[in-house]
Amino acid sequence: MKEEWYMIKKKKKINKKKLIQNKIYISIALIILNIISICLFSYSVILYNEVETFYRIFGLLLLIYFLVLTSYLNIRNSDKRQNKPFIITAIITGIFIIFELIGFYYLSRLYHTINSYSDTENLYSSSLITYDLKLKDYKDLQYKKIGIIDDTEDITGNILPKEIIEKLKLNGTNEIKEYSSTMNLLYAFKDKEIDAAFFSSNYIEMFSTLEGFENIETETKQLYTEAKEYEQKDEIKNPTSSFKKPFSVLIIGVDSSKDGVTSGYNADVLLLMTFNPKTLNATLTSIPRDMYIKTACSNGKYRRINTTTWGSSASCAVNTVEDLFDINIDYYAKVNFKGVVQLVDAVGGITVDVPYSFCEQNSSRKWGNNTVFVEKGIQTLNGEQALALARNRHKPNDGSAAGKQMGKYCPTYNSGNRSDYTRGKNQIKIIQSLISSATKLKNPNQALDILEKVKANFQTNVKTNDILSLYNLGKSLLITDGTNLINIKRLQLTGKNVWGTIYDESSKSYPAVTIPYQESISAIKKEININLEKVKQKEIKKIKFDISKPYESEIIGKGNYSQTNIKTLKDLSTYSIQRLKEYAKDVNKPLKIVDFDTKQELNIDTYGEYYFYQQKEHKDIIINQIDSITIYVKKSNIEETPEISTPEE
């Protein structure tokens, strides 16, 4: 009996000893896990160098204090007979470890997601195309002329094509011709000056809206296509800019049926945003795609502003808008329309007051069963519907290609004032609604998923530290309702439609374009500079309103402006030499009269033995984009008739 009791006691002692040992092992394991989780969490916190150092150090010291405290309690309680205190401290330690690991996961994932937007490597693609449908592939190009762009910084127009030419040995028997711009190359290609040409692989979307190229998809053939990653060379950001000070961003919406934003897209959306983080005031300026201005990459020639994104970078679009409004643009954000669809769907749709009922093609430019229908009124739109609203500017059967399709699928949806200006207003509505939806996101996984999904269709020069500097603004938006904090002013660049009246030298046609009003530009410049704190705002002491009329926020830049007609070159075939000289003086251009046959410049006051042959500069071209007026003349070849004498009587 004694032996039995002794054995039981000994067993209990051994079990107690084992239990204490197990507790100690668990305590040591928890301490090690806690140290690892704190280290991981500390690493993720250190990444956010824009957050106040005091808060970060204080938070880490607090965690270390809890590590020491829970470690001490775990070790102390592991030697006690009662298990309850040990279990409680172990659970508390486990909770801390879980929260630290969750914090590490979300903070590091968010940082690396943000950081991925600053990646400078992008995929570019070039295609070799031809109008000769008999050619099967690039191997059939023998003793042919192949066109490329001469801009050595254009990846899809010059750099990649040259690499392809070298790789496929196309420069052996073929002549490689270089052109100064995509437009010049395109029309040389159309006029059969060359047999094949290299363009961005997105050439169908680029050119199918141009007059004479509506059927480029069926009329041409791809002989070779290659895609390759290159380092993005854009360095647009002003070195003194920061999200802590007033800044400007050019938002570029590019139209493509494929994913990606690298090059070869029409800028169908151009929005200039300025934001003042001190006052939380923002301006959004809509710039219609058909504005016809001197662009930064066309050697002083006029072009549609939506063609400024045809190159490999955003620099042409940014520099053009900078010149237009005389400001420095700090950042740009290029978004493919596919990204808009993803973004709207990711936030669960957006609520917009749709001004009229309409139908549109979908994001892949397809009609038929893919036609997108949107009804008038306050609607919750999905991604495809939001994009359709951002795109729409035509009515059924209005003579456009889109209008013909609408006439087929929604002929009765013909109400509403539709234009580039209406489209600009709708785009701003969509952005405002997106901001509202984004500020209401509560699930961190949803927010991170949105950032990761949109990345493929998004490109920017904003660096990680710039984004992190929005921390203080983010604090304010989280504490209160962000939609009420941010005051967004709408601005609209307007102009005079000169459709079919101005000759465009690059396209050799009379395009449907708009010349911006100088008064509109001035009004927008003033408002932008006030928000950027470049100009002091005048205090408003009086305000008028009519209680019987609903309040409508002012759209700056959209006034009743008047502007004299744009001076274009006249048809000079009937002008005398004296009148030619007077006209040249009036338009402030030097006059050159050149013998067409000998190419010698003449100094004559009357035609005399010469006659007008042709004018070098095309009539209806804008005067201030030509350097001089050149008239070609030829000598009269009419033999002198012998004088007939009167017979003497």
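Quick caveat, the model's predicted, so the values are computed rather than measured.
- Distance check: Ile148 CD1 to Leu160 CG gives 11.0 Å after rounding to the nearest 0.5 Å.
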For this session: Take Asn184 and Ser181 through the side chain to side chain donor-acceptor pair (under 3.5 Å) test and state the conclusion after the steps.
Result: CA-CA 5 Å; Asn184 289 339; Ser181 69; 3.3 Å; yes
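- Minimum heavy-atom separation, Tyr332 to Thr460: O-OG1, 2.6 Å.
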Exercise. Where do Ile305 and Ile287 land on the side chain to side chain contact (heavy atoms under 4.5 Å, CB included) test, with the steps shown first?
Worked result: CA-CA 9 Å; Ile305 199 167; Ile287 306 169; 3.9 Å; yes
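- Contact of the Phe198 side chain with the Ile164 side chain is registered, since non-hydrogen atoms from C-beta on lie closer than 4.5 Å.
- Using modelled atom types, no side-chain atom of Ser127 and backbone atom of Phe199 make a donor-acceptor pair closer than 3.5 Å.
- The closest donor-acceptor contact from the side chain of Ser126 to the backbone of Pro161 lies at 3.5 Å or more, if one exists at all.
- Taking the six-membered ring where the residue is Trp, Tyr503 and His618 present parallel rings, their angle staying beneath 30° rather than reaching 60°.
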For this session: Determine, stepwise, if the pair Tyr187 / Glu193 fulfils side chain to side chain donor-acceptor pair (under 3.5 Å).
Result: CA-CA 9 Å; Tyr187 284 96; Glu193 289 180 21; over 6 Å; no
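- Residues forming a ring-ring contact (aromatic ring centres under 6.0 Å, His included) with Phe325 (at least two apart in sequence, or on another chain): none.
- Contact detail for Cys359 and Thr371: the closest heavy-atom pair is CB-CG2, 3.8 Å.
- With respect to Lys619 and Asp571, no salt bridge is recorded, no charged nitrogen being found less than 4.0 Å from a carboxylate O.
- Remark: of the listed residues Arg393, Lys496, Arg303, Arg423, Arg393 is the sole one forming a salt bridge (charged side-chain N to carboxylate O under 4.0 Å, His left out) with Asp290.
- In terms of modelled atom types and a separation under 3.5 Å, the side chain of Thr501 and the main chain of Val498 share a donor-acceptor contact.
- Listed for the Ser433 side chain is no donor-acceptor partner under 3.5 Å among the backbone atoms of Lys429.
- Note on ring orientation: taking the six-membered ring where Trp is involved, the planes of Tyr224 and Tyr138 are perpendicular (angle over 60°, cut-offs 30° and 60°).
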When the side chains of residues 377-388 are checked against the rest of the protein, which donor-acceptor pairs come out under 3.5 Å, sequence neighbours left out?
unit_1, atom_1, unit_2, atom_2, d
Gln379, NE2, Lys376, O, 3.1
Asn382, OD1, Glu384, N, 3.2
Asn382, OD1, Gln385, N, 2.9
Glu384, OE1, Ser363, N, 3.0
Glu384, OE2, Ser363, OG, 2.8
Gln385, OE1, Asn382, N, 3.0
Gln385, NE2, Phe373, O, 3.3

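- To the nearest 0.5 Å, atom CD1 of residue Ile555 and atom CG of residue Leu491 are 9.5 Å apart.
- Of all non-hydrogen atoms in Ala296 and Asp323, the two that sit nearest each other are CB-OD2, 4.2 Å.
- Side chain of Asn281 to backbone of Asn276: no donor-acceptor contact under 3.5 angstrom is found.
- Note that OH of Tyr517 is 13.0 Å distant from CD1 of Ile524, once rounded to the nearest 0.5 Å.
- Side chain of Asp398 to main chain of His394: no donor-acceptor pair is present (N/O by atom type, distance under 3.5 Å, no hydrogens or angles).
- With contacts defined as side-chain heavy-atom distances shorter than 4.5 Å, the pair Thr514/Asp420 does not qualify.
- In terms of modelled atom types and a separation under 3.5 Å, the side chain of Lys221 and the main chain of Leu135 share a donor-acceptor contact.
- Within the 4.5 Å cutoff, the side chain of Tyr356 has no heavy atoms near those of the Glu375 side chain.
- Between Tyr203 and Gln222 there is a side-chain heavy-atom pair separated by less than 4.5 Å.
- A cation-pi geometry, defined here as NZ or CZ lying under 6.0 Å from the six-membered ring centre and within 45° of its normal, does not hold between Lys228 and Tyr124.
- Taken from CD in Glu205 to CG in Asp268, the straight-line distance is 10.5 Å, to the nearest 0.5 Å.
- In this model, a donor atom of one side chain and an acceptor atom of the other lie less than 3.5 Å apart for Tyr302 and Asn624.
- Between the side chain of Asn529 and the backbone N or O of Lys525, at least one donor-acceptor pair lies under 3.5 Å.
- The two residues Leu324 and Leu493 have their closest heavy-atom pair at CD2-CD2, 3.8 Å.
- In this structure, Ile488 and Thr283 have side chains that are not in contact, with every pair of non-hydrogen atoms separated by 4.5 Å or more.
- Using modelled atom types, one side-chain atom of Arg304 and one backbone atom of Ala512 make a donor-acceptor pair closer than 3.5 Å.
- Every residue meeting the side chain to side chain donor-acceptor pair (under 3.5 Å) condition with Thr422, not counting sequence neighbours, appears here in chain and number order: Ser419.
- Across all non-hydrogen atoms, the minimal contact from Trp367 to Met406 is CH2-CG, 3.8 Å.
- Side-chain contact between Asn426 and Arg391 is absent, with no heavy atoms from C-beta onward closer than 4.5 Å.
- Distance alone, capped at 3.5 Å, places no donor-acceptor pair between the Asp504 side chain and the Ser509 backbone.
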